[in-house]
Each structure stands twice: as C-alpha cells, then as structure tokens.
Amino acid sequence: QVQLVESGGGLVQPGGSLRLSCVADGDIFSIYTMGWYRQAPGKQRELVAISGSGGWTNYADSVKGRFTISRDYAKKTVYLRMHNLKPEDTAVYYCNARNYAGGYDYWGQGTQVTVSS
C-alpha cells in the first residue's frame, strides 16, 4: 500500500516562488529516483526535474537555474523549489518514484500550479 502525497501547489504571480512537496507513504523500499513531471493544458507530460540515489539530478532546459529538486531520504520526501515562475510553468505537477530494477513506478495524483497576474 503506497501513496505519493503531493502538496504546495497554488496560484502565484509571475516572478514569484513556490515549493512543492511529495511524501511517499506506505511500505515502499529502495527508491532509486524521485522526480517531478508536469502537464500543461493541451500538451504532453514532460520531465521537470529528477533526483537519483547518489545525488545526481537532471532538469528540463526550461527550468534550469530557476528550479531546484532535493530529497529527504529518511522521510521519503522530494521537494521542488521553484523561483522566478513564469506563465509557461502553469501545469499540473506530478510526483514520481521508481526503483532501479523497475519493480515499481508510482505516481501522485497531481497538484495544480498556476502562474498568472
């Protein structure tokens, strides 16, 4: 029984900041990557940022320098700190957790981020 619980979405003005959180609840073992994806209206879901065990990270070009992903391994939590938000960042943001062997691939229900004046 595993559930990824997302929080922190909302409405923010352009140039503002927001922090998303995702907690993996339940009996989940050996998480390899935790990451954030987003899907804007009428567009495909895309990778925003991902963090792997060992400390490596990868970001979409559109968010480099503005977003930072981090993890609390003990709490099985991943964060996405977003600065200098732009209207183009408006989307539903989804949390994801995977293990190295491909034994599971969990998704959160999504949290809405709206950037508008």
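As a basis for the values below, the full set of heavy atoms in this structure was taken, side chains included, without hydrogen atoms, waters or symmetry mates.
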Taking the side chain as everything from C-beta on, heavy atoms only, tell me whether [X] gets closer than 4.5 Å to [Y].
X: Tyr73; Y: Val78; answer: no
X: Leu11; Y: Ser116; answer: yes
X: Pro87; Y: Pro14; answer: yes
X: Ile28; Y: Lys76; answer: yes

Applying the 4.5 Å side-chain criterion to the ILVMFWY set and letting contacts propagate, would [X] and [Y] be lumped into a single cluster?
X: Tyr79; Y: Val12; value: no
X: Val2; Y: Val23; value: no
X: Val115; Y: Tyr59; value: yes
X: Leu4; Y: Phe29; value: no
X: Leu80; Y: Val92; value: no

CA sep, side-chain torsions, deciding dist, call: Tyr37, Arg45, side-chain hydrogen bond (donor to acceptor under 3.5 Å, both in side chains): CA-CA 7 Å; Tyr37 295 72; Arg45 185 174 298 188; over 6 Å; no
Under 3.5 Å donor-acceptor, Asn99 side chain and Tyr104 backbone: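 Flag set: sc Asn99 to bb Tyr104 pair under 3.5 Å.
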Whether Gln3 side chain and Asp25 backbone form a donor-acceptor pair below 3.5 Å: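 No; zero donor-acceptor contacts below 3.5 Å.
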Can you measure from [atom1] ([X]) to [atom2] ([Y]) and round to the nearest 0.5 angstrom?
X: Arg66; Y: His83; atom1: CZ; atom2: NE2; answer: 11.0 Å
X: Trp107; Y: Asn96; atom1: CH2; atom2: CG; answer: 4.0 Å
X: Tyr94; Y: Leu20; atom1: OH; atom2: CG; answer: 13.0 Å
X: Ile69; Y: Met82; atom1: CD1; atom2: CE; answer: 11.5 Å
X: Ser17; Y: Asn84; atom1: OG; atom2: CG; answer: 8.0 Å
X: Arg38; Y: Ser62; atom1: CZ; atom2: OG; answer: 4.5 Å

Nearest heavy atoms of Met34 and Ala97, plus distance in Å: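 Answer, listing the atom of Met34 first, then Ala97: CG-CB, 4.3 Å.
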Minimum heavy-atom distance between Lys64 and Asp61, given as atom pair plus value: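 Closest approach of Lys64 to Asp61, heavy atoms only: NZ-OD1, 3.0 Å.
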Over 12 foreign heavy atoms within 6.0 Å of OH, Tyr100: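 Atom OH in Tyr100 is not crowded, with 12 or fewer foreign heavy atoms closer than 6.0 Å.
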Gln109 CD: over 12 foreign heavy atoms closer than 6.0 Å: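 No.
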Test side chain to side chain contact (heavy atoms under 4.5 Å, CB included) applied to Ile50 and Thr57, step by step: CA-CA 6 Å; Ile50 190 166; Thr57 59; over 6 Å; no
Salt-bridge contact Lys86-Asp89 (side-chain N to carboxylate O under 4.0 Å):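 The answer is no: the pair does not qualify as a salt bridge.
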Trace of the side chain to side chain contact (heavy atoms under 4.5 Å, CB included) decision for Phe67 with Leu18: CA-CA 10 Å; Phe67 291 11; Leu18 212 58; over 6 Å; no
Pair Gln112-Thr114, side-chain hydrogen bond (donor to acceptor under 3.5 Å, both in side chains): steps then yes or no: CA-CA 6 Å; Gln112 177 71 47; Thr114 302; 3.3 Å; yes
Verdict with supporting geometry, Thr68 and Arg81, side-chain hydrogen bond (donor to acceptor under 3.5 Å, both in side chains): CA-CA 5 Å; Thr68 302; Arg81 178 167 50 84; 3.2 Å; yes
